[in-house]
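Atoms within each ligand, like the ligands themselves, are counted from 1 in listed order.
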Amino acid sequence: MRAIGVFDSGIGGFSILREIHKLLPGMPIHYFADQAHVPYGPRSLEEIRTFAEGVTRFLLAIEAQLIVVACNTASAAALHHLRKVHTMVPFVGMEPAVKPAAQSSRSHKVAVLATPTTFDGELFSSVVERFAQDVEVIKITLPGLVKLIETGEVDGRQTDNILKMHLESVIADGVDTLVLACTHYPFIIPSIHRLFGSKIKVIDPAPAIAKQTSRVLRRMANKIESGTPAKINYYSTGDPEALANLALQLIGIPGNPCAVHWVGMNEVQDKP
Ligand code: DGL
């Protein structure tokens, strides 16, 4: 059976992989982390589009039948382009979950946590325009946090300091809902609740993305295996062994580490 391709700059897409695997345990998955280039957040939209195109071509070459862009930054930079270029391939992408946040906020003040590039993309302005007419939307980038989470540090002192520095004052000012618009951030939900109390509402889009993935697969008339857990491959342009170990530690899903590397700016190949 062919596989689902899931990609991110690093381990952020694990938050999406965890939900897809829960929903479709029999589905083989190629997880791809472009750790040679992580973090994507401070890079330009053009550069990220080039990487996303290279990763997509690699995933298609290893027979991914559906691609989940499990990265808000890459979705902001490249989703539109990927759909235009690969017209036969179904893509599932990330969109900041501003709509449910606007609907559930009692204070009418929500904060979106994302990378600078996600805020720069058209997708963000479009969701705010469509769904957040009656609420105040505060944009928050959390510099340094993606790099920390990449090392597996999801609840240490440094993580706490970044969260306190950027969230304390907005929460004190009445923000009652946080939108996680970076796939690395679901791993710090326990820290958010420990620091700011369980009343603060945190919106994690991962379960909705997994449902959407399953819907798209069904539409493709795919036979979805639901029996024994399927094989997961962990591809990294950095250190695939470390990637597979972190997957086990953070989401409890074992898999096969696979080394790949960039040849030039836009082509990924297996590492000999
Ligand atoms: N996980 C990513 C996102 O959803 C990318 C973070 C980064 O590489 O800066 O935006």
Under 4.0 Å to a heavy atom of Ser9 - the qualifying atoms of ligand 1, by number | 5 (C), 6 (C), 7 (C), 8 (O)

Would you say Phe124 and Asn72 make side-chain contact, with heavy atoms under 4.5 Å?
-> no

Taking heavy atoms and a distance under 4.0 Å, where does Asp8 meet ligand 1: side chain, backbone, both or neither?
-> side chain

Taking N or O atoms only and a 3.5 Å limit, does Thr73 qualify as a polar contact for ligand 1?
-> yes

What atoms in ligand 1 come closer than 4.0 Å to a heavy atom of Gly41?
->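 This gives 7 (C), 8 (O), 9 (O) as the contact atoms.
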
Would you check if there is a donor-acceptor pair between the side chains of His81 and Glu53 at a distance under 3.5 Å?
-> yes

Check each heavy atom of Cys182 against ligand 1 and say whether those closer than 4.0 Å belong to the side chain, the backbone, both or neither.
->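 Near ligand 1, Cys182 shows its backbone as well as its side chain.
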
For atom 3 (C) of ligand 1, which protein heavy atom lies nearest, and how many Å away is it?
->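 Ranked first by proximity to atom 3 (C) of ligand 1 is Asn72 N, 3.3 Å.
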
Assess the side chains of Asp176 and Ser107: does a donor N or O sit below 3.5 Å from an acceptor N or O?
-> yes

Counting only heavy atoms, which portion of Val146 has something under 4.0 Å from ligand 1: side chain, backbone, both, or neither?
-> side chain

At under 4.0 Å between heavy atoms, which part of Thr115 makes contact with ligand 1: side chain, backbone, both or neither?
-> side chain

N-O pairing of Arg130 and Glu95 below 4.0 Å |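 Here Arg130 pairs with Glu95 in a salt bridge, since their nearest N and O are under 4.0 Å apart.
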
Using a distance-only test with no angle check, is there a side-chain donor-acceptor pair under 3.5 angstrom linking Glu150 and His184?
->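 There is such a pair between these side chains.
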
Indicate whether the side chain of Gln35 and that of Thr237 have a donor and an acceptor atom separated by less than 3.5 Å.
-> no

Could you tell me if the ring centre of Tyr31 sits under 6.0 Å from that of Phe7?
-> no

Run the contact test for Cys71 against ligand 1 with a 4.0 Å cut-off on heavy atoms, strictly below, and give the result.
->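 Cys71 counts as a contact of ligand 1 under the 4.0 Å cut-off.
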
For atom 1 (N) of ligand 1, what is the nearest protein heavy atom, given as residue, atom name and distance?
->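 Protein heavy atom at minimum distance: His184 ND1, 2.7 Å.
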
What protein heavy atom sits nearest atom 7 (C) of ligand 1, and how far off is it?
->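 Residue, atom and distance for the closest contact: Tyr40 N, 3.3 Å.
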
For atom NZ of Lys99, is the number of surrounding heavy atoms from other residues, nucleotides or ligands below 6.0 Å larger than 12?
-> no

